[in-house]
There are 2 protein chains.
Amino acid sequence: MAANAGIAGTGAEHFPPSVAFLVSRLGFEVGSRLAAGLAPLGIEPRDFGLLRALAHAEGESQRSIGRALNIPPGRMVALLDGLERRGLVRRRPHPTDRRAHALHLTPAGHRLLNDAVDVVVRVEVSLCAGLEPAEREQLLALLGRLARPGAVTPEAHPGLSAVTGW
Amino acid sequence: MAANAGIAGTGAEHFPPSVAFLVSRLGFEVGSRLAAGLAPLGIEPRDFGLLRALAHAEGESQRSIGRALNIPPGRMVALLDGLERRGLVRRRPHPTDRRAHALHLTPAGHRLLNDAVDVVVRVEVSLCAGLEPAEREQLLALLGRLARPGAVTPEAHPGLSAVTGW
DNA sequence: TATTGTTATACTCTATAACTATA
DNA sequence: TATAGTTATAGAGTATAACAATA
C-alpha cells in the first residue's frame, strides 16, 4: 500500500464542509482498504479490474481488452505477464488470428476473482456499517445524481484505476 | 491532467450499485476537475495543499510543516523550490534557529491561494449542481457518517494528496 | 548527540516508440 | 499498409539515506 503518497495532510479543520472534499478523502480511503484487502490474495486493485474484465470477455485479444479498459498495449503485456506467472491467466493461440493471443482465466483465476469480489463486498459493508439500509439507499441515490451531470470524460473513467483499479 | 492512469476502465455495467465504487469514481473525478481548474493558475492540487497550510502557519520551519502534512523533508525542498521560483513563497531566516527557514506566503502567494480557493468552490458547486441545497446537506451528513467509522489511518489521510492534494 | 535543510541515489510506474510477425 | 504482441528507453514521482551546518 502507498504508505504516504504526496503532499497534503488534509487540514480538514480549516475547511468548510464540502462534498468534493469528503468524496476525495473517502475515495482514497476506499482505495487503500481495497488494496489492503487484496494484498493477501497477491493482487492489487488494478489486477482486480483486469481479472474482472477477462471473466466477461474470455478469448478476447490483449488489444481488444486493453481498448475497453483504457490500457495501452505495453502495460497489458506487463500486467498479463504477472497474472500469467501466478497462474491466474493463460495466453492461448487465437483461433482466427495468429498474431493475437486469446486470453483466458484459469480455474485458479476464477477462484481468485471470487475471493476478490468478496473483498470488495467486505469493503462496501464496512464502509457502510454506520448506516441503516434505507440510509445507504438514499446515499446511493444522491451519489448517483452527483455522478451524472458534468463528467469530465463522459466515455469512461480513465485513470480511476490509479486509485481503485476499478 | 493525468490523461490515462492505470488499469481498469470500470465495467460499471457488470457491477452492483456500490457506495465504495461511486465514491472512488467521484473521488477521482473531483481530483481531475480540481487539477484542471488549478492548471491555469500554474499550480497543482498538491501545491494547493501546501499553500493552504502555509497560510495557516506563517513563519514555521519546513520540517514543522512537513510533519503536519506528512511530507518527507526531501519532498518539501522540491515543492518549496517550485513555489519560491514562482514567487509564491519565501524562505526567510528563522528568528531563533539558524538551521531552519521561516516560511512565508508572499502577497502573490496569498492572492493565488484566494484564486485557488475559488476554484475549489467552483468544483464543489458544479459537482452538486444537480442537488437541491437540502439534498446536499443530507448528502454531507451521510458522507460524514461514512467518513468516521473505520478509517484505516486514524491519524491522518496520508496520500489523499495523491488524488486531490488536500 | 540530535536536528535543519539539502543533495544524491535508487526504485517504481508509465508513456512512447521501435521492432517482428502476421494480416 | 495496417495491426498483433513485444521490448527498450526515457521520463516523472517518490522514498531513502547520506551530508554540512547548527543546536
Side-chain angles (χ1 to χ4, degrees), chain A residues 1-8 31 35 44-47 49-50 54 57 59-85 89-104 158-165, chain B residues 1-8 31 35 39 43-47 49-50 54 57 59-85 89-104 158-165:
Chain A
M1 198 187 335
N4 165 7
I7 268 279
E44 299 180 32
R46 57 187 183 188
D47 298 313
L50 183 47
L54 286 173
E60 297 270 341
S61 72
Q62 296 184 190
R63 282 187 116 103
S64 149
I65 293 188
R67 261 189 302 272
L69 297 188
N70 237 308
I71 308 175
R75 292 210 60 205
M76 279 295 281
V77 174
L79 250 9
L80 288 171
D81 283 352
L83 295 177
E84 197 169 35
R85 183 167 13 90
V89 168
R90 208 147 89 204
R91 287 186 248 227
R92 305 216 292 232
H94 194 285
T96 67
D97 186 340
R98 287 175 44 189
R99 297 171 302 179
H101 293 154
L103 299 176
H104 293 274
L160 191 217
S161 38
V163 182
T164 306
Chain B
M1 197 184 340
N4 165 8
I7 268 281
I43 64 170
E44 299 181 32
R46 57 187 182 188
D47 299 312
L50 182 47
L54 286 172
E60 298 270 341
S61 73
Q62 295 185 190
R63 281 188 118 103
S64 149
I65 292 188
R67 260 189 304 270
L69 297 187
N70 235 310
I71 308 174
R75 292 211 59 206
M76 280 294 282
V77 173
L79 250 8
L80 288 171
D81 282 351
L83 296 176
E84 196 169 35
R85 185 167 13 90
V89 167
R90 210 149 88 202
R91 286 186 248 227
R92 304 216 292 232
H94 194 286
T96 68
D97 185 341
R98 285 174 45 188
R99 298 170 302 179
H101 293 154
L103 299 176
H104 293 273
L160 192 217
S161 38
V163 183
T164 307

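A, B, ... follow the sequence lines: proteins, then strands. Residue 1 opens every chain.
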Q) For the pair made of CD1 in A:Ile65 and C1' in D:dG5, what is the distance, rounded to whole Å? A) 14 Å
For residues 77-84 of chain B, tabulate all N or O donor-acceptor pairs below 3.5 Å that involve a side-chain atom, not counting sequence neighbours.
| from | atom 1 | to | atom 2 | distance (Å) |
| --- | --- | --- | --- | --- |
| B:Asp81 | OD1 | B:Arg91 | NH2 | 2.2 |
| B:Glu84 | OE1 | B:Arg91 | NE | 3.0 |
| B:Glu84 | OE1 | B:Arg91 | NH2 | 3.4 |
| B:Glu84 | OE2 | B:Arg91 | N | 2.9 |

Q. Roughly, in whole Å, what's the span from CZ in B:Arg63 to C1' in C:dT4?
A. 6 Å
(Q) Please check this pair: side chain of A:Asp47 against backbone of A:Glu44, looking for a donor-acceptor N/O pair closer than 3.5 Å. (A) yes
Q. Which part of the nucleic acid, if any, lies within reach of B:His94 when heavy atoms closer than 4.0 Å are counted: base, sugar-phosphate only, or nothing?
A. nothing
Q: Rounded to the nearest angstrom, tell me the gap between atom CD1 in A:Ile71 and atom P in C:dC13.
A: 15 Å
Q: Rounded to the nearest 0.5 Å, what's the gap from OG on B:Ser64 to CG on B:Leu69? Could you check?
A: 9.0 Å
Q. For the residue pair B:Pro93 and B:Ala102, what are the closest heavy atoms and their distance?
A. O-CB, 4.0 Å
Q: Starting at atom CE of A:Met76, determine the distance to atom P of C:dA15, rounded to an integer number of angstrom.
A: 13 Å
Q. Taking C-beta and beyond as the side chain, do B:Glu60 and B:Arg67 meet within less than 4.5 Å on heavy atoms?
A. no
Q. Starting at CG of B:Leu80 and ending at P of C:dG5, how long is that distance when rounded to a whole Å?
A. 9 Å
Q: Starting at CE of B:Met76, measure out to CG of B:Leu50 and round the result to the nearest 0.5 Å.
A: 5.5 Å
Q. From D:dG13, D:dT6, D:dA4, pick the nucleotide closest to the side chain of A:Gln62?
A. D:dT6
Q: Could you check how far CG of B:Leu79 sits from C1' of D:dG13, rounded to whole Å?
A: 11 Å
Q. Taking protein heavy atoms under 4.0 Å as touching, what does nucleotides 16-23 of chain C look like 5' to 3' if B marks base contact, S marks sugar-phosphate-only contact and - marks none?
A. -----BBS
Q: Report yes or no: does A:His101 contribute a side-chain atom to a donor-acceptor pair with the main-chain N or O of A:Leu103 at less than 3.5 Å?
A: no
**Q.** Note, A:Pro73 side chain near A:Gln62 side chain (heavy atom, < 4.5 Å)
**A.** no
**Q.** Nearest-angstrom distance from the residue atom CZ of A:Arg92 to P of D:dG5
**A.** 16 Å
Q. Can a donor-acceptor pair under 3.5 Å be found between the side-chain atoms of B:Arg91 and the base atoms of C:dG5?
A. no
Q: Using five pairs at either end of the helix from C:dT1-D:dA23 to C:dA23-D:dT1, determine the angle between the two local helix axes and round it to 10 degrees.
A: 20°
Q) Just how far, in rounded Å, is P of C:dT6 from CD of B:Glu84? A) 8 Å
